[in-house]
Amino acid sequence: MLDRARQVVGSGKVLALQAPTGSGKTIFALLVALNVTGKALFLVRTHNQFYPVYRESKRLGKSFGFVVGKPNVCPFSSGDVESIDIDCRRCEINLATGVEFGEQPASLVSKLRQEGLANGFCPYHSLLFSSKSTEVVAMTYPYLFLPWLRESLDFNLEEYVVIIDEAHNLDTISDLGERRLSRATLSSAMSQATSELVRNILSKLQHKLSALPEVGERYLLINDPPTLEADELELLQDEYEALRAKMTEQRKIGRNHLGSVLRFFLSLREPGRKVFLNGGSLVSKNPDPAFQLDVLNQKTLPLILMSGTLPPLNYIQKVWGLTKDIEYLDVERALPTTVQGKREWLLAKDVTTSFQKRSDVMWGKYASYLMRIYHVSRANVLALVPSYEVLRKVLGRLKGINVLPEDSRTSMEDLSRAAENGKVLILAVNRGKLSEGIELTNGGRSLISDVALVGIPFPSPDDYSKLRAEAIAARTGVANEELLVRIPALIAVKQAIGRALRNPGDSVTVWLLDKRYDSPWWKARLGAFNPRKIVL
Ligand code: SF4
């Protein structure tokens, strides 16, 4: 398999590697990359995912480096800043020094912050400078997919094989480039503005935002969004630049809300951008994922996409717009023995989250199922619902069990603490803050024994999905229900199940709580050919 993978990447094709957690895909991809070009650029979603890359690089005896965003390592940054707001040109310690990557990324970052300040060097530029000469470099997606950040790196990408870990996330890559504008941001920007003229501009915008309807989680297209005249933008830009310079000079870099407002309006000049209303904010984004992913079509960019839930080949080609030749390698199918844990399937046919069937009775039934699952489960339960609205409906009906519902403040530490205090049912939203990142393990084994899928997590049928479908259809001539609705839901379902299978020795009971799972399409793709039917 390794030889074949080397040939594929060496010949300029994309290697799409479908391999479950625990199958050794990190070391496999590194071996392929290092054999082909001698250098690997490893792209991950979060900084926490640097560690396995560091560990496997050490195992292979290869030098490892990494880059984190300026906000994380700049000694003057408060952390919640955007990289673009840190103006290094005015910094007194804008000097790079050599970094020894001899320890774990997280501890090295905090050490560099202290040492940079004490010894007068820049931790960010030092990491960037030193990473250029290591065989393996880890960084997060924005460094490849945001053009301005990619260019700021000044890496010669042709020297590397680019490995995209957890590549199923490319499906939501448009989120990376989105710009949001809320009334809260405008208020904060007003308090940062020094000019009366700018405050008036911001106040006018606030009134316009207040007049927009309340739409909750859905995306509503705004055909006539608020705009700023060229002279208003110029005034805002001047205020922003002045604040940015002042923060660096004073060595106290906090969130620059004027910058957030400015960038929202500047983004509207980019081709393909649409403006939506979502959760009380205006959102500017390009609904076509191919726009942001086009960098992957560069002929001279050797590429490995890998994930435990990689979409099928035609999805990668049509929806993501990859035009290069792709070889799809499914490790689970290629190996004689399973590398994934065991799954037991149960199916409830008397419930559904289908919009036409939603009712108080239905939410009551779901709550009853979840309480029952909690009582019979061996350990913790992960219950995934399709939206925050459904979460609230079900949560209000759960009684007598230990529940940890997801909200905007829930952290992984909260989850770990809750699990330490006895059995817990984690009630989270598919594609929400927790569904991707939940990692409840002990000694590498999962602490989640049961996954309950409340409904099917189809993408919300709103203006954003509609425009995404239109963009894909215009580009490819194909935009069917399978590509646009069912495959994204399948990836979300497999992700949820994967939260309980962190090791080949793990086993999970999967509760399919929606009658729509009782179809050949779902059964075949989940490998749930004969689920046990359950009723309340
Ligand atoms: S220490 Fe100075 S040069 Fe380095 S990131 Fe911070 S502001 Fe920029």
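Counting convention: from 1, in listed order, for ligands and their atoms alike.
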Exercise. Could you name all protein N, O or S atoms found under 2.8 Å from atom 4 (Fe) of ligand 1?
Key: C122 SG

Self-check item: Pair E82 + R179, salt bridge at N-O below 4.0 Å
Solution: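 Result for this pair is yes, salt bridge flagged.
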
Quiz item: Hey, are R468 and D288 close enough for a salt bridge, meaning a charged N less than 4.0 Å from a carboxylate O?
Solution: no

Exercise. First locate atom CD1 of I84, then atom CG of L146, and finally report the distance between them rounded to the nearest 0.5 Å.
Key: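 Those atoms lie 9.0 Å apart.
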
Quiz item: Would you call F276 and K285 a side-chain contact if the rule is heavy atoms closer than 4.5 Å?
Solution: yes

Practice problem: For the residue pair T140 and R45, establish whether any side-chain heavy-atom pair is separated by less than 4.5 Å. | Solution: no

Quiz item: Would you find more than 12 non-hydrogen atoms of other residues, nucleotides or ligands less than 6.0 Å from K39 atom NZ?
Solution: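 For K39, atom NZ is crowded (more than 12 foreign heavy atoms under 6.0 Å).
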
